[in-house]
Amino acid sequence: MRRVDALVLLSTLSQSTLVASKGAPRGVGPEFVKFYESKTSFACIGNPSIKLDSSRINDNSCDCPDGSDEPGTAACSYLDGLSPEQPLPGSKTGTTNTTNSLPGFWCENKGHIGSYVPFAYVNDGVCDYELCCDGSEEFAHVGGVKCQNKCDSIGKEWRRVEGERRKSKERSAAARRQLLKEAGDLRRTVEGRIASLKQELENLEIKKSELQVKFEEVERSEKGKVVKPEGQGGKLGVLLGVAKARVRELRSTLDKVMDQRDDYADKVEQLEEILKNLKEEYNPNFNDEGVKAAVKAYEDYAASAAPEKKPDITDGEILDILKEDGETTGINWAEFEEEEGSDADIVYNLEAYLPEFARDYIHQKLNILRVWLIENGMLADNPVKPGGETRLVQAAREALEAAKNEHTSKTASLEEQERDLNQEYGPDGIFRALKGRCVSTEVGEYEYELCWMGQTTQKSKKGHGNTNMGNFVKFDKQVADEEDRADGKGLGKGQRMVMKFENGQGCWNGPNRRTDVWLACAEKDELWRVSESEKCVYRMEVGTPAACEDVGEPGVKTKDEL
């Protein structure tokens with residue numbers, strides 16, 4: 001069968017208008033019947049001032065400049081608005097450069113769909129079943145060709161295919177509705193996070209302010225304590241520091257004495273063992289006065305050695321003394337360090353004699369007084385620990401810093417969520433539901449991958465690494481002009497959504513890679529084809545329910561359904 005492409009205008013009508021009125025001339029389509037109702041005369045459709053006798057219709061002679069008098073023959077097939085100018089007697093323009101008023105020869109195709117066939121196909125000896133399944137365009141049987149009426153079988157197959165197409169469309173629409181629901185839920189989740197983060201940030205602002213005040217109060221309050229570690233402050237504080245240092249010194253000395261005692265005990269034991277061996281092994285007949293004297297001295301030493309008695313203090317007790325001071329051993333210096341004793345005890349302890357209802361108020365005022373006395377040199381300031389702060393000040397500072405860090409973290413999260421909320425996610429935000437999902441296909445030695453709202457990637461199957469072909473930038477629309485594929489995996493004709501992926505990995509001596517992702521309606525996400533239109537510029541054709549337009553419920557007819 002011949003391809004008709006742009007040569008034929010295929011008119012698809014509703015079932016109620018498939019058949020022309022009875023008695024209409026051959027080849028007249030339903031919408032033109034009204035021009036041929038007269039039994040005696042005919043006015044050319046494009047030139048109504050030219051009137052012909054009805055007998056001249058379909059007489060195989062082109063009498064009307066617009067060819068409307070020959071709806072059922074090929075006599076006026078040469079009329080074409082794009083044809084070169086040639087003399088044509090009787091034409092207003094005088095040339096063949098004239099458009100025919102009729103779209104073609106009408107085939108009723110009973111049992112299927114009526115359609116127009118180009119006039120050039122009429123009686124050309126070829127059965128054009130894809131356009132004229134009833135074979136009526138070959139009524140003259142040129143060359144003995146007789147076209148059978150195949151509309152029943154062709155119509156049945158067409159209805160089957162059309163039914164599958166409709167079901168596929170309904171499934172695609174259902175998938176799209178599901179995506180829309182998921183996208184809506186995700187958007188509401190983001191909106192909920194934003195609202196929650198804003199409320200949390202408001203609370204953190206209050207918390208930060210309170211902790212800032214608390215920290216400053218603690219810092220100032222700690223300055224008011226006279227007795228501090230290492231005894232800096234009043235007289236009792238100095239004494240405390242001296243005592244603590246002296247205890248450390250005595251404990252260190254005791255530790256050294258124990259080490260020396262153990263060393264001496266080991267040496268005595270070794271010497272006793274030497275002398276014992278000498279006594280047992282020397283020759284009494286050997287006349288060596290020095291040896292005899294040594295043996296006699298050892299015997300006297302062994303006879304006079306006092307029996308062992310239990311020591312007054314055990315090693316365990318000594319080790320307990322050597323343990324570091326703390327809450328359970330030795331002296332709990334913290335109890336003394338926390339005492340507010342100083343030369344100015346009367347200033348600090350006055351509040352202890354006040355009634356409870358007034359104690360907090362007076363404590364606050366006395367604390368202010370203490371700080372004032374410190375700032376004016378009347379009381380000693382706090383010494384600091386090696387870390388630079390007391391535990392209380394350090395805890396207050398850490399609490400404040402934690403609140404600040406949490407505020408910074410949540411502010412960053414809020415900004416990220418707001419960027420996500422304002423990002424373009426396609427029609428109705430449907431691609432929000434696809435974000436993070438990927439589809440891929442293999443082409444030759446590569447695997448190509450598309451990650452929605454992310455990037456396109458070329459992966460080597462030989463382990464040579466991956467190449468970034470572009471990062472998502474925006475949505476666009478472009479016109480596709482392709483023939484429909486039998487498997488339905490094609491762009492077809494019309495305006496299509498295109499996702500732009502740019503700023504990919506740079507080419508060798510070339511620009512950065514980029515990819516145009518053309519989208520078409522499909523039941524599921526599929527990467528159909530990948531091509532390189534020019535150096536480092538790629539084209540992907542992808543099917544997805546997100547690109548479908550029909551979102552009606554199943555069973556509801558849409559404008560393109562028959």
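Predicted model only: the values in this text are computed from it and were never measured.
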Can you tell me if [X] uses its side chain to pair, donor with acceptor, with the backbone of [Y] under 3.5 Å?
X: S115; Y: L131; value: yes
X: S54; Y: S41; value: yes
X: S101; Y: I45; value: no
X: S460; Y: K462; value: yes

Go through it in stages, so that I can follow the logic: the residues are C133 and C107, the test is disulfide (SG to SG under 2.5 Å), and I'd like the CA-CA distance, side-chain angles, deciding distance and then a yes or no.
CA-CA 8 Å; C133 62; C107 291; over 6 Å; no
What are the two closest non-hydrogen atoms of [X] and [Y], and how far apart are they?
X: E138; Y: V126; value: OE2-O, 3.0 Å
X: W528; Y: G488; value: CH2-O, 4.2 Å
X: L211; Y: A403; value: CD1-CB, 3.6 Å
X: M497; Y: A546; value: CE-O, 4.4 Å
X: S55; Y: D53; value: OG-OD1, 2.6 Å
X: L519; Y: A547; value: CB-CB, 3.9 Å

Does atom [atom1] ([X]) have a neighbourhood of more than 12 heavy atoms from anything else shown, all under 6.0 Å?
X: K535; atom1: NZ; result: yes
X: Q148; atom1: CD; result: no
X: K461; atom1: NZ; result: yes
X: K208; atom1: NZ; result: yes

Is the closest basic N to carboxylate O distance between [X] and [Y] below 4.0 Å?
X: R513; Y: E534; value: no
X: E170; Y: K167; value: no
X: K214; Y: E210; value: no
X: R188; Y: D185; value: yes
X: R165; Y: E162; value: yes

Could you go through the salt bridge (charged side-chain N to carboxylate O under 4.0 Å, His left out) check for R419 and E424 one step at a time?
CA-CA 10 Å; R419 284 195 299 270; E424 183 183 7; over 6 Å; no
Do the non-hydrogen side-chain atoms of [X] and [Y] ever get within less than 4.5 Å of each other?
X: L79; Y: D66; result: no
X: R176; Y: S172; result: no
X: F475; Y: V498; result: no
X: D516; Y: Y538; result: no
X: K435; Y: D420; result: yes
X: M469; Y: Y448; result: yes
X: I57; Y: P71; result: yes
X: V537; Y: E532; result: no

Is C132 disulfide-linked to C147, taking SG-SG under 2.5 Å as the test?
no
How about C76 and C64 - are their SG atoms less than 2.5 Å from one another?
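No.
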Per-pair distances, 0.1 Å, donor-acceptor, side chain in residues 489-496, under 3.5 Å, sequence neighbours excluded:
residue : atom : partner : partner atom : Å
K489    : NZ   : E526    : OE2          : 3.4
K493    : NZ   : D481    : OD1          : 2.8
R496    : NE   : L491    : O            : 2.7
R496    : NH2  : L491    : O            : 2.8
R496    : NH2  : K493    : O            : 2.9

As a quick check of understanding, evaluate side-chain hydrogen bond (donor to acceptor under 3.5 Å, both in side chains) for T457 and N466, giving each step before the final call.
CA-CA 7 Å; T457 308; N466 302 336; over 6 Å; no
Derivation and outcome, salt bridge (charged side-chain N to carboxylate O under 4.0 Å, His left out), residues R56 and D63
CA-CA 8 Å; R56 298 175 66 180; D63 301 313; 3.3 Å; yes
[X]: side-chain hydrogen bond (donor to acceptor under 3.5 Å, both in side chains) partners, not counting sequence neighbours:
X: N203; result: Q199
X: E406; result: none
X: N468; result: Q455, N471
X: R159; result: none

For N512, enumerate each residue passing the side-chain contact (heavy atoms from CB on, under 4.5 Å) test, keeping only those at least two apart in sequence or located in another chain.
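Expected list: none.
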What pairs of residues pass the ring pair (Phe, Tyr, Trp, His ring centres under 6.0 Å) test when at least one of them lies in residues 482-522, not counting sequence neighbours?
F472-F501
Scan for ring pair (Phe, Tyr, Trp, His ring centres under 6.0 Å) pairs involving residues 37-75, sequence neighbours excluded, and state none if there are none.
Y36-F42
Evaluate the criterion salt bridge (charged side-chain N to carboxylate O under 4.0 Å, His left out) for residue pair E401 and K404; output intermediate values, then yes/no.
CA-CA 5 Å; E401 289 177 350; K404 288 181 177 179; over 6 Å; no
For the residue pair F431 and W452, categorise the inter-ring angle as parallel (less than 30°), tilted (30 to 60°) or perpendicular (more than 60°).
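Tilted: the ring planes of F431 and W452 meet at 30° to 60°.
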How far does [atom1] of [X] sit from [atom2] of [Y], to the nearest 0.5 angstrom?
X: W106; Y: S136; atom1: CH2; atom2: OG; result: 10.0 Å
X: T544; Y: L527; atom1: OG1; atom2: CG; result: 11.5 Å
X: L450; Y: T441; atom1: CG; atom2: OG1; result: 11.5 Å

Please enumerate all residues that pass salt bridge (Lys or Arg N to Asp or Glu O under 4.0 Å) together with [X], with sequence neighbours excluded.
X: E216; value: none
X: K156; value: none
X: E541; value: R529, R539
X: D59; value: none

Please test D124 against V142 for side-chain contact (heavy atoms from CB on, under 4.5 Å), starting from the C-alpha separation and ending with a verdict.
CA-CA 7 Å; D124 64 349; V142 175; over 6 Å; no
Answer yes if the side chains of E416 and S413 hold a donor-acceptor pair under 3.5 Å, and no otherwise.
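There is no such pair between these side chains.
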